[in-house]
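First up is the structure itself, then whatever we jot down about it.
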Number of protein chains: 2
Amino acid sequence: MGEACHHHHHDGPPTAADVERALGDADARLTAEGERMTAARLRVLELLLAAGEPVKAYDLIARFGTDGQPAKPPTVYRALEFLERKGLAHRIASISAYVACSSGTIDHSAAFLICDCCGATEEVAAPVAEGLDRAARAAGYAIVRTTVEAHGRCPACLAA
Amino acid sequence: MGEACHHHHHDGPPTAADVERALGDADARLTAEGERMTAARLRVLELLLAAGEPVKAYDLIARFGTDGQPAKPPTVYRALEFLERKGLAHRIASISAYVACSSGTIDHSAAFLICDCCGATEEVAAPVAEGLDRAARAAGYAIVRTTVEAHGRCPACLAA
DNA sequence: TCAGTGGTGTTATGAGATAACATCACATGC
DNA sequence: GCATGTGATGTTATCTCATAACACCACTGA
Ligand SMILES: [Zn+2]
Ligand SMILES: [Zn+2]
Ligand SMILES: [Zn+2]
Ligand SMILES: [Zn+2]
């Protein structure tokens, strides 16, 4: 984050009620699909939702235990892999961080706007990759998943 | 790479003459710009050009010495940072690898098509990010650089 | 009851990247 | 020539990110 600006305030995390609701929805949906929404998976998703911005894996590991005890790395990485597979979270490769999915859509390749100053991110919807799809078709590639991450400044940091 | 297919042949590395020419061009251009194209930087660029596909940083480190001696990590990472800053190489975040720029354009945000089977990559030109630019403007973000990486299968691996 | 499957706990290690500091090369101005 | 500033390198150590491997457990269906 910020080399140049020092105000780390963006829209901020969702309320506890928002987190609860999202967790409940996710649990219900996955259970209905026959998936097992276990305690570790719920906990990691809860941490991601509560953060409201990208979180480093080792921060999740540190915050994992409600009593302050950290988790073992594989516990969190396994949960992240599951959540990502199920479309509930995304890995942001350019900053090696993870974020809860903010889109209602189930199966999607997300694109992100990332503020290098305050860390705010915005998940934007699909059509951003239409040009990429065209290029892939032209080159004869069959695309499975895409990583689209734009770095810059968010409106708040631009205004400051 | 490949879980599913086992033919690691794509267009393959450029000839030694191609590499030499590209190195000479890069050297001339940067020298003209007042930059110092040092031995380490040339060597790393040579390794990237010769590979003709993304290379892991620690592979560059291992191959660095012409006598088989590895480099120290900072040597290679500094060279990579310089080459990337000058538009001669790109980092591919989704696979933590580096590749020589295959575009003539000087200052550009590249997009990549990456074959998960054989490792081939294709650098495709700018307009793929037009949708992203539109989304960024709509959200009020000022974009500085983008990471666009599409994973899938190349034509050769699809045919097999 | 007994496999088979998928999830977890735990230890250890592999892979990717950088901090910090001393030293060196080179250009500029005296 | 010689001081001085700047950018590049050498070197050591360390930090961050991620996974391998294996034992154990819970649930399911024969
Ligand atoms: Zn999403
Ligand atoms: Zn911001
Ligand atoms: Zn390029
Ligand atoms: Zn291929």
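Every chain is numbered from 1 and lettered A, B, ... according to where its sequence line falls, protein lines coming before strand lines. Everything numeric here is computed off the predicted structure, so don't read it as measured data.
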In whole angstroms, how far is the P atom of dT16(D) from the CG atom of D59(A)? 10 Å
Nucleotide dG6(C), atom P - distance to CE of M37(A) in whole Å: 19 Å
If I take atom CZ in residue R41(A) and atom P in nucleotide dG9(C), what distance separates them, rounded to the nearest angstrom? 11 Å
Starting at NZ of K72(A) and ending at C1' of dT19(D), how long is that distance when rounded to a whole Å? 15 Å
Checking dA20(D), dT11(D), dG9(C) against the side chain of P74(A) (C-beta onward), the nearest is dA20(D)
For I95(A) and for P73(B), locate the closest nucleotide of DNA chain D by heavy-atom distance; then report the residue assigned to the nucleotide nearer the 5' terminus. P73(B)
Whole-Å distance separating the CZ atom of R85(B) from the P atom of dG7(D): 10 Å
Interatomic distance where OH belongs to Y77(B) and P belongs to dA19(C) [whole Å]: 13 Å
Find the distance E81(A):CD to dT19(D):C1' and express it as a whole number of Å. 11 Å
Just by distance, do the side chain of E149(A) and the backbone of S94(A) share a donor-acceptor pair under 3.5 Å? yes
Take atom OH of Y58(B) and atom C1' of dG14(C), then tell me their distance rounded to the nearest Å. 11 Å
Proximal nucleotide (of dG7(C), dG16(C), dA18(D)) relative to the S96(B) side chain: dG16(C)
Will you find, in the side chains of E84(B) and H90(B), an N or O donor that is under 3.5 Å from an N or O acceptor? no
Assuming nearest nucleotide by heavy-atom distance, tell me which of T75(A) and A97(B) is located more 5' along DNA chain C. T75(A)
Please tell me if K56(A) has a side-chain N or O lying less than 4.0 Å from either OP1 or OP2 of dC17(D). yes
Side-chain donor or acceptor of R78(B) under 3.5 Å from a matching atom on the base of dG10(D)? yes
Donor-acceptor contact below 3.5 Å, side chain E122(B) vs main chain I114(B): no
Determine the minimum heavy-atom distance between K56(A) and S96(A), stating which atoms define it. CD-O, 3.5 Å
Check every atom of dT8(C), dA18(D), dA20(D) against the side chain of Y98(A) and return the nucleotide holding the closest atom. dA18(D)
Is the shortest distance from a Lys or Arg side-chain nitrogen in R43(A) or E46(A) to a carboxylate oxygen in the other one below 4.0 Å? yes
